[in-house]
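One structure is given below, encoded as structure tokens.
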Amino acid sequence: MLTINFIRENREEAIERLKIKNFNAGKIIDKVLEVDQHRRNTQKTQDSRQAELNSLSKEIGILLKNKDEKQAQTIREKTVRLKEEIKELNIKSSQIQAELNELLVQIPNIPHKTVPPGIGAESNQLIRSGGNIPEFEHKALPHWDLAKKYNIIDFELGNKITGAGFPVFKGKGARLQRALINFFLDENEKAGYIEYLPPLMVNEESAHGTGQLPDKEGLMYTVPSDNFYLIPTAEVPVTNIYRDVILNSNDLPVRNTSYTPCFRREAGSYGKDVRGLNRVHQFDKVEIVQIQHPEKSYETLEEMVSHVENLVNMLGLPYRIVRLCGGDMGFTSALTYDFEVFAAAQEKWLEVSSVSNFESYQANRMKLRVREQDTKKIIPAHTLNGSALALPRIVAALLENNQSEKGIKIPDILIKYAGFDCIS
RNA sequence: GGAGAGAUGGCCGAGUGGUCUAAGGCGCACGCCUGGAGAGCGUGUUACCGCCAAAAGCGGUACGCGGGUUCGAAUCCCGCUCUCUCCGCCA
């Protein structure tokens, strides 16, 4: 979240820049400042009363040591009213603090200066593209038909076992998933990322830490009996490793990678683009997470983008990279690049990765900080993450783009992982 | 699931009602010593909030978490979480 100090000192700038995200912040920010003023006034009174009581207590201690029972009793009587007052002030100040926090978490992150304005995907900015879009002599089949033809993904079976959006992979289909996961993890490790295999359920605090709560309550599946959430992305557990941690600046950047299944309710997104693997409730993804010094986080973002680009290139998929406009960006992000690959039968660009710099927004929420080696100062860290990569749409594009009468050609780089070069 | 023990700073560990942010040790930083290093000696070593233009300074908070008793709680009481040991169950 944005800190109260930042808002206090940058009211105008915050309001102005949040407009890029189509967020009208004026009202809430003024409310925040008002509550903050109230909070500080209350604390001032509270602190001085508490100091009074503390010194009286010390006095009593000394008097009793000197066996002056009578004088001690006199002072004791003086504390009665003071105690009541302090109790009331305590209640009041925790109410105010709660009110302030509730307001602060409702304010989204401030977009980076390069974020273009706009409402939706049509305003996103094309950064670059690569790869070749294949051409077919005959009509190409969409991946859901290919999946059936080669018997590698069974969507109906998923309906039976769980419900819509839970595909079942089998045979070479399952094996291809495993190949992609291993390929991505290996490449990430080569690039210096440490592999983690985290819990797939997280508690409420973790969900707050990375900002899924309270903003995206409907996004996650819940486990009410134990108050857990199924992770919508490995970002949640892997970033929360560092909740309440002060890292030494020498230890930066932290680079982690993690394969996990991801669970998303996708409430409200029924209808369009949900066929086949385009949008599912459970999918596999390999994530990269970095924690970096604030001065270097944008270099790191570019580096992560190149890394992901390299992966897409190795798979031989036609892709484009876009910089998201304010309206298309996430609540917690300061700058996001999306990767889209072209699925040649659907003739659609499918999002396969989203690489973001959250600056200190998540770090503030989860109290993730850095102790600077030279100045010894403690400052909030910057967090970044991205998919490297999300599997379903990669698979959709691979199937559609690599199809021929002979079957589906597996990209060379994947053959040693898959153990076959063709699905036929 | 049943029974018991425990949770203190970066780490180990003392502290069962009073100036305790908390002994001692380890670690770390700086200084002295040394040709250099080590040993030794000395000094220092939590974070957050408020007041102040700022620094200094002052005040407040924090001993797993949340309540309570008390003028005063690391210490006493209640609830919760987690860890360990034993028993049961189990991949």
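For clarity, every value in this text was computed on a predicted model and none was experimentally measured. The sequence lines fix the lettering, A, B, ..., with proteins before strands; numbering per chain opens at 1.
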Please give the nucleotide sitting opposite [N] as a Watson-Crick or G-U wobble pair, both distances under 3.5 Å, or none.
N: B:rG6; result: B:rC82
N: B:rG24; result: B:rC12
N: B:rC90; result: none
N: B:rC71; result: B:rG18
N: B:rC32; result: B:rG40
N: B:rC52; result: none
N: B:rA62; result: B:rU46

| said: Please confirm whether the shortest side-chain N or O distance from A:Arg371 to OP1 or OP2 of B:rG10 is below 4.0 Å. | reply: no

What interatomic distance, in whole Å, is found between [atom1] of [M] and the corresponding atom of [N]?
N: B:rG15; M: B:rU81; atom1: C1'; answer: 25 Å
N: B:rC65; M: B:rG10; atom1: P; answer: 13 Å
N: B:rA74; M: B:rG60; atom1: P; answer: 14 Å
N: B:rA3; M: B:rC80; atom1: P; answer: 13 Å
N: B:rC12; M: B:rG2; atom1: P; answer: 30 Å
N: B:rU45; M: B:rG9; atom1: C1'; answer: 11 Å
N: B:rA29; M: B:rU21; atom1: P; answer: 29 Å
N: B:rG24; M: B:rU8; atom1: C1'; answer: 14 Å

In this structure, how many angstroms lie between the [atom2] atom of [N] and the [atom1] atom of [X], rounded?
X: A:Asn250; N: B:rG10; atom1: CG; atom2: C1'; value: 15 Å
X: A:Asp244; N: B:rU46; atom1: CG; atom2: C1'; value: 14 Å
X: A:Lys377; N: B:rU46; atom1: NZ; atom2: P; value: 18 Å
X: A:Phe228; N: B:rU81; atom1: CZ; atom2: C1'; value: 11 Å
X: A:Ile91; N: B:rG66; atom1: CD1; atom2: C1'; value: 15 Å
X: A:Asn90; N: B:rG66; atom1: CG; atom2: P; value: 13 Å
X: A:Lys87; N: B:rU70; atom1: NZ; atom2: C1'; value: 12 Å
X: A:Lys70; N: B:rC71; atom1: NZ; atom2: C1'; value: 19 Å

Should we count [atom1] of [X] as having more than 12 external heavy atoms under 6.0 Å?
X: A:Lys409; atom1: NZ; value: yes
X: A:Glu102; atom1: CD; value: no
X: A:Glu295; atom1: CD; value: no
X: A:Leu197; atom1: CG; value: no

| Side chains of A:Asn256 and A:Glu287: does their closest heavy-atom pair fall under 4.5 Å? | no

Answer yes or no: is there an ion pair linking [X] with [Y], defined by an N-O contact shorter than 4.0 Å?
X: A:Glu59; Y: A:Lys78; result: no
X: A:Glu13; Y: A:Arg17; result: yes
X: A:Lys190; Y: A:Glu187; result: yes

| query | Between residues 31-63 of chain A and RNA chain B, which residues have a heavy-atom gap below 4.0 Å? | reply |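 Contacting residues: A:Arg39, A:Arg40, A:Gln43, A:Lys44, A:Asp47, A:Gln50, A:Ala51, A:Leu53, A:Asn54, A:Ser57, A:Ile60, A:Gly61, A:Ile62.
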
| When we call it a touch if two heavy atoms are under 4.0 Å apart, what does A:Leu64 touch: a base, just sugar-phosphate, or nothing? | base

| message | What contact category does A:Arg369 fall into here, base, sugar-phosphate, or nothing, at under 4.0 angstrom with non-hydrogen atoms? | response |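 Counting heavy atoms under 4.0 Å across all strands, the contact made by A:Arg369 is with sugar-phosphate only.
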
| Starting at the 5' end of RNA chain B and moving along, which residue's nearest nucleotide shows up first, A:Thr79 or A:Asn5? |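 Nearest nucleotide further toward 5': that of A:Asn5.
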
| query | Would you say the side chains of A:Gln362 and A:Arg365 form a donor-acceptor pair under 3.5 Å? | reply | no

